[in-house]
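Report on the following structure.
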Amino acid sequence: MTTVQDQGLVSAPAATGTARRLGALGGLAYRYGLLAVLLGLLVVFSLARSRFHTWDNTLIILQSVSIVAVVALGVTVSMTVGGFDLSVGANVGFVVMVTAQVMVRYNLTGATAILAGLAAGLLVAAVNTLLIVVARVPDLVASLGTMFAFQGLALIITSGQSVSVGMDLGGGRVAPGRYDPDFLWFGTAKVLSIPVAVLVMIVIAAVVIVFLTYSRWGRALYAIGGNPVAARLAGIPVNRYRALAYVISGLCAACAGILLSARLGRGDVGAGDVYLLQAVAATLIGFAVLGANRPNPFGTLVGAVFLGVLINGLTMLNVPYYTQTFVQGALLVAALLLSYAVAPRSRRAS
Amino acid sequence: MTADVDAPALAVERLSKRYGPVEVLRGVSFDVARGEVVGLVGANGAGKSTLIKILSGAVAASAGQVRIAGAVTNPATVRQAARAGVQTVHQEIGAGVIPGATVAENLTLDSLAPGGALWRSRRRTRAAAREIAAAAGLGADLEAVLDRPIEELPTSERQQVVIARALSARPRLLVLDEPTATLSTRESERVLASVGRMAAAGVAVLYVSHRLAEIERICERVVVLRDGVVQRDVPAPFVARALAEAMLGGTLSTLRHEIRGGGSPVLEARGVRARPDGAPFDLVVRAGEVVGITGLVGSGQTELLEQLYGARRLLGGTLSLRGRPYAPQSPADAVRAGVGLVAESRAEQIVPTWSVRRHVTLPRVRAHSRFGLMDPRLERATARRTLGDFGVVGPGADAELGDLSGGNQQKVLVGRWFDGHSTLVLLDEPFRGVDVGARADIAAHLRERAHDIGLVVASSDPAEILQVADRVVVMADGGVSGELRADQMTTEELSRLLTTPARHSRTTDARENRRAFGLETT
Ligand SMILES: Nc1ncnc2c1ncn2[C@@H]1O[C@H](COP(=O)(O)OP(=O)(O)OP(=O)(O)O)[C@@H](O)[C@H]1O
Ligand SMILES: [Mg+2]
């Protein structure tokens, strides 16, 4: 027979699950691990390259992540209701093509192009809503379908070609328009030495953070993501809010598409394709920020910046570009491990 | 450290548990002998479920130890506890089933654990499941649903699957945390009979329930827990009343409420049906009265309330609320019109990881926001008021709702509709898992609030209904078989109505009945 003392149970910590095993360390890693790694990276890169921690380079990093961040904020909103908008990349590409087409092919103003771009984003959102909310197709497959459809549609409206100034329309005709300088302002100009795209990102991020974290609509969206039945029984119009989430996601993608179009100054085929994975990665990395363990806009922003810092720093260190995807993937996996394996399990019995 | 035949099957020794600054268990000690059924009772939040989570390895104790058959076994994981011979049915049934898996798969889960056969055939799974169900006396009931996903089953059947599975593991110690809370009388009987059989076969049983009548019937000894301390440890026979007073630390009021007639109609339902095959009936709910609905499980109470709340399509008839047509297409419509529902299933109303405060204000986000932004101060004030009004004990408004004891979670879910914005509140089994003292408090509180709003309380336990209602509507087979004044409801009359099928015509006009009872003069 053993006594109480040698059972070592006398002062077991109160926490349970994995955190009990890892003790307080696990809890700290869970909350601050990702921010600590980001901070460490910043220090390492700064020590290795004095160019890294200059104001100019900071702006370069922020500019490089601005489009990804805006797309990712939309993905975050779609994930708060337990959904997943896979069509954002295709949406960005579609908006790029629509804006280019409006200005170059139809010779209309930049303002018209912006309106057309937003309308295009809303169209994607409408299709998603129709499929997911009305027809009850599961989110993932529905938005995958939308992704395909709009990648295709972007090709159809431009006959499969990139849209550039002076392009041949066939039959000896040449596209009459060009990119409106007012439109290009979004991609090239600076206000108080800060690129417009960065400012747009900051504004959209602020709006989404306030909306999701503090507004009553955000509360409802999170309730739906947490337990849709409970939300419904509490009188939340679940379908309306799910549609709202996809509309916000579509609008964010449209804004990103406009920024991208203005930066490129032309409509490139497949320009939006890279943004899906990057945005999803930023959102999922965001889960691990401050132990949120759920989609959260501040975390998403940190996630996007994290990806940008990593690429920028590695490039400065002359790490071959072809290893960058791997490094980003490893970062994502590490963040997922933090969110899922190190997170204190639900304290309820299982 | 080998098993000792003479040692008690379970010995709990000076067990303590603290959550942060709160000490939930304070040096609890008691034994359960082989073949003995010991009842564990206590008010909501006394620490019963916490003790059980420690026994089952789900939670670690802060101090003290657990011996199984004489050997110190402080189980660190659920599997360790199972290997030591402890099988537990937890209070939240969500904890015991795997959603997505079929009923047969859920019944045979233990053979899926390491050490089970590598390959499983559907046929063998089904055969094994049948055996397990039969051993628990459920054979015929589950046969038809063996291949259905478990989440399609009603709460009561799900609970029985969990119990059957625990029984099938041939435990040394069987721990049941409010196993009958969601069950009908007949289903409860089956569980009680199984417990008796297990005990006769030498299994030690620790049985938690708020139904003191059950404790009286099956327990040879009862341990009363109050504020984490063993208050009494007494052998049978015991008196339910004395137990209640020991667990509450005071006397239980036996005052019967005065029956009230009610004022102007709040809800008028004409020609509604609870089920497609049920007879249509009328139901009128007046301000100032509490209408109780009772009936055997499956007689259509839940279906009726869900229709009145817009959570289910209205099967027929018309509704009006305070004289105006009322046709809710969704719960959102109902809530906007001032109708609230406390649903039958607690798990379906809980958002994981959310605080008490957020749960309280979820139906009222608009009222708790300014310019669209949530106002945490206002929210906290409402949450605190609700906690106070309904006597919720626990870690407070900003704690996770899941950290409250089961009964206290229930009080929060009931209390959130009584914020002054409701016109009609529908309560489906609101006393589930609530201790006898709190039940009386809640009943009194509901009656106090009923003076200007309409209240409908459905329960399959007539005793609960009598405690709160002025008028009792008895349902059978999806229709209404009769209606009684609460103080005129006798056991004989009730059992007659419970089994009388509703006549297939518009038999019950509430007004006529009320006239017959002298509640209405014109
Ligand atoms: N994870 C936790 N963190 C903080 N407090 C907790 C936690 N879990 C339980 N408690 C508190 O411990 C106390 C005992 O809870 P427990 O669930 O054991 O009560 P109970 O006796 O089972 O009550 P009920 O009859 O309502 O089920 C409650 O006050 C509860 O709020
Ligand atoms: Mg409990």
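Chain naming here is simple, since letters A, B, ... match the order of the sequence lines and numbering starts at 1 in each.
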field: Contact check, side chains of B:Gln349 and A:Asn227, non-hydrogen atoms, under 4.5 Å
entry: no
task: Kindly indicate whether the side chain of B:Val351, heavy atoms from C-beta on, has any atom under 4.5 Å from the side chain of A:Tyr222.
output: no
- line: Smallest heavy-atom separation, A:Gly226 atom then B:Pro352 atom, equals O-CD, 3.4 Å
- request: Against chain B, work out which of A:Pro237, A:Ala223, A:Ala231, A:Gly218 has the most heavy-atom pairs shorter than 4.5 Å and name it.
  value: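 Top option by heavy-atom pairs under 4.5 Å: A:Ala223.
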message: Counting only non-hydrogen atoms closer than 4.5 Å, can you tell me which residues of residues 248-255 of chain A sit against chain B?
response: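 Within residues 248-255 of chain A, near chain B: nothing under 4.5 Å.
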So which part of [X] gets closer than 4.5 Å to some heavy atom of chain A, the side chain, the backbone, both or neither?
X        : value
B:Thr361 : side chain
B:Val365 : both
B:Arg370 : neither

- prompt: Would you find a donor on one side and an acceptor on the other, under 3.5 Å apart, between the side chain of A:Tyr214 and the backbone of B:Asp375?
  reply: no
Specify which of [options] makes the most heavy-atom pairs with chain A at under 4.5 Å.
options                      : value
B:Glu306, B:Glu13, B:Arg358  : B:Arg358
B:Arg336, B:Arg364, B:Glu379 : B:Glu379
B:Ser49, B:Ser330, B:Ala311  : B:Ala311

query: Checking side-chain contact (heavy atoms from CB on, under 4.5 Å) for the pair B:Phe371/A:Arg216: CA distance, chi angles, key distance, verdict?
result: CA-CA 9 Å; B:Phe371 310 113; A:Arg216 64 181 160 98; over 6 Å; no
Contacts of type side chain to side chain contact (heavy atoms under 4.5 Å, CB included), residue A:Pro295, not counting sequence neighbours: A:Thr76, A:Met79, A:Thr80, A:Phe287
field: Inter-residue atom distance A:Leu233.CG - B:Ile350.CD1, 0.5 Å rounding
entry: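 Answer for the CG-CD1 pair, A:Leu233 versus B:Ile350, is 12.0 Å.
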